[in-house]
Amino acid sequence: MTPVPDLSRPAPEVAPLLIGCRLAAGRVIGRITEVEAYHGEDDRACHAHRGRTPRSAGLYAAPGTLYVYLCYGMHHLLNLVCDEPSIPSAVLIRGLIITHGLDEARRRRGQPKAAAARLTNGPGKVAQALGLDKTAHATRLGQRGCPLRLLPGDGPSPRLLCGPRIGVDYAGPHWATMPWRWWEEGYAAVREAGARQTTA
DNA sequence: CTCTAGATCTAT
DNA sequence: TAGATCTAGAGG
């Protein structure tokens with residue numbers, strides 16, 4: 001069993017606890033297999049590293065608020081806002097294993113034949129499979145209008161590994177190598193090299 | 001106002 | 001390994 005963690009804690013604390021929890025959007029449900037934490041104005045990889053701007057304002061929302069943004073002009077990425085509103089902090093959902101509604105997820109992805117293991121192993125794929133776009137941005141888990149539900153995990157506690165975040169070299173070596181990516185053993189969407197064992 | 005660098009994915 | 005596609009935010 002994997003309980004839903006307290007999202008009012010800092011993202012680097014919450015992130016590993018989300019592995020094994022489930023996300024549901026309509027009939028599509030998936031188990032979270034990979035996440036990353038972005039935390040604080042000091043984190044050069046975090047959108048709020050230059051403080052509050054029109055975009056980064058979403059990171060100062062109440063814990064449990066969705067932070068969804070368009071990346072590379074074509075992919076929506078899903079984050080769950082964490083910590084107190086004065087601290088910009090969020091967990092990026094990078095990987096899922098679809099456990100229910102696989103065909104609907106395949107349809108949303110436009111990949112009718114994709115194996116489950118490859119259908120949602122990447123942050124852009126996750127949001128697309130869950131049917132999330134900008135309209136989900138700034139809605140809050142458990143509140144009216146939020147298309148997403150966060151559910152406890154129903155399986156055994158996953159074995160966790162952690163390593164550097166992906167695609168954030170621009171943040172400089174200190175922040176780019178910070179081991180703020182966690183994944184369920186065997187489910188890293190990107191390299192597992194450099195992985196360290198960890199516990200939730 | 002213009003310009004550029006992205007928390008990516010897919011097909012080649 | 002390149003091309004798709006668009007916008008926040010920095011700089012003029």
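In the text below, chain A, chain B and the rest are named by the order of the sequence lines, each starting its count at 1. Note that these values count all heavy atoms, side chains included, but never hydrogens, waters or copies made by symmetry.
- Applying the ring-ring contact (aromatic ring centres under 6.0 Å, His included) test to every pair with at least one member in residues 76-103 of chain A, sequence neighbours left out, gives no pairs at all.
- Contact check of residues 99-106 of chain A against DNA chain B (heavy atom, cut-off under 4.0 Å) returns no residues at all.
- Distance CE (Met74(A)) to C1' (dG3(C)): 8 Å, rounded to an integer number of Å.
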Quiz item: Under the side-chain hydrogen bond (donor to acceptor under 3.5 Å, both in side chains) criterion, do His39(A) and Asp83(A) qualify, and how do the steps go?
Solution: CA-CA 9 Å; His39(A) 183 261; Asp83(A) 212 327; 3.3 Å; yes
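- At a non-hydrogen distance threshold of 4.0 Å, His47(A), Tyr69(A), Cys71(A), Tyr72(A) from residues 47-72 of chain A come into contact with DNA chain B.
- Residues passing the ring-ring contact (aromatic ring centres under 6.0 Å, His included) test with Tyr69(A), sequence neighbours excluded: His47(A), Tyr67(A).
- Between the P atoms of dA7(B) and dT1(C), the separation comes to 23 Å (whole Å).
- Applying the side-chain hydrogen bond (donor to acceptor under 3.5 Å, both in side chains) rule to Thr53(A) yields the partners Ser56(A); only residues at least two apart in sequence or on another chain are considered.
- Arg106(A) places a side-chain N or O within 3.5 Å of a backbone atom of Ala114(A) that can act as its donor or acceptor partner.
- There is a path of hydrophobic side-chain contacts, each under 4.5 Å, that joins Leu23(A) to Val4(A).
- Under the 6.0 Å distance and 45° angle rule, Arg52(A) counts as a cation-pi partner of Tyr60(A).
- For Ala129(A), the side chain to side chain contact (heavy atoms under 4.5 Å, CB included) partners are Ala105(A), Arg109(A), Thr120(A), not counting sequence neighbours.
- Taking the side chain to side chain contact (heavy atoms under 4.5 Å, CB included) definition, one finds that Pro123(A) meets it with Leu77(A), Leu92(A), Arg94(A), sequence neighbours left out.
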Quiz item: Which dot-bracket string describes DNA chain B (Watson-Crick N1-N3 plus N6-O4 or O6-N4, or G-U N1-O2 and O6-N3, all under 3.5 Å; [ ] crossing; | other strand)?
Solution: ||||||.||||.
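- Residues satisfying the side-chain hydrogen bond (donor to acceptor under 3.5 Å, both in side chains) test with Ser157(A), not counting sequence neighbours, are none.
- Between Arg50(A) and Glu41(A), no side-chain nitrogen of the basic residue sits less than 4.0 Å from a carboxylate oxygen of the acidic one, so the salt-bridge criterion is not met.
- By the side chain to side chain contact (heavy atoms under 4.5 Å, CB included) test, Ala138(A) is found to be paired with no residue, residues two or more places apart in sequence or in another chain being considered.
- In this structure, the side chain to side chain contact (heavy atoms under 4.5 Å, CB included) partners of Ala116(A), at least two apart in sequence or on a different chain, are Leu102(A).
- Using a 4.0 Å heavy-atom cutoff across all strands shown, Gln128(A) reaches no nucleic acid atom at all.
- You can see that DNA chain B meets the heavy atoms of chain A within a 4.0 Å-exclusive cut from dG6(B) to dT10(B), reading 5' to 3'.
- Taking for each of Lys134(A) and His75(A) the nucleotide of DNA chain C with the nearest heavy atom, the 5'-most of the two is the partner of His75(A).
- Within the 4.0 angstrom heavy-atom criterion, only backbone atoms of the sugar-phosphate kind lie near Arg109(A); the bases stay farther away.
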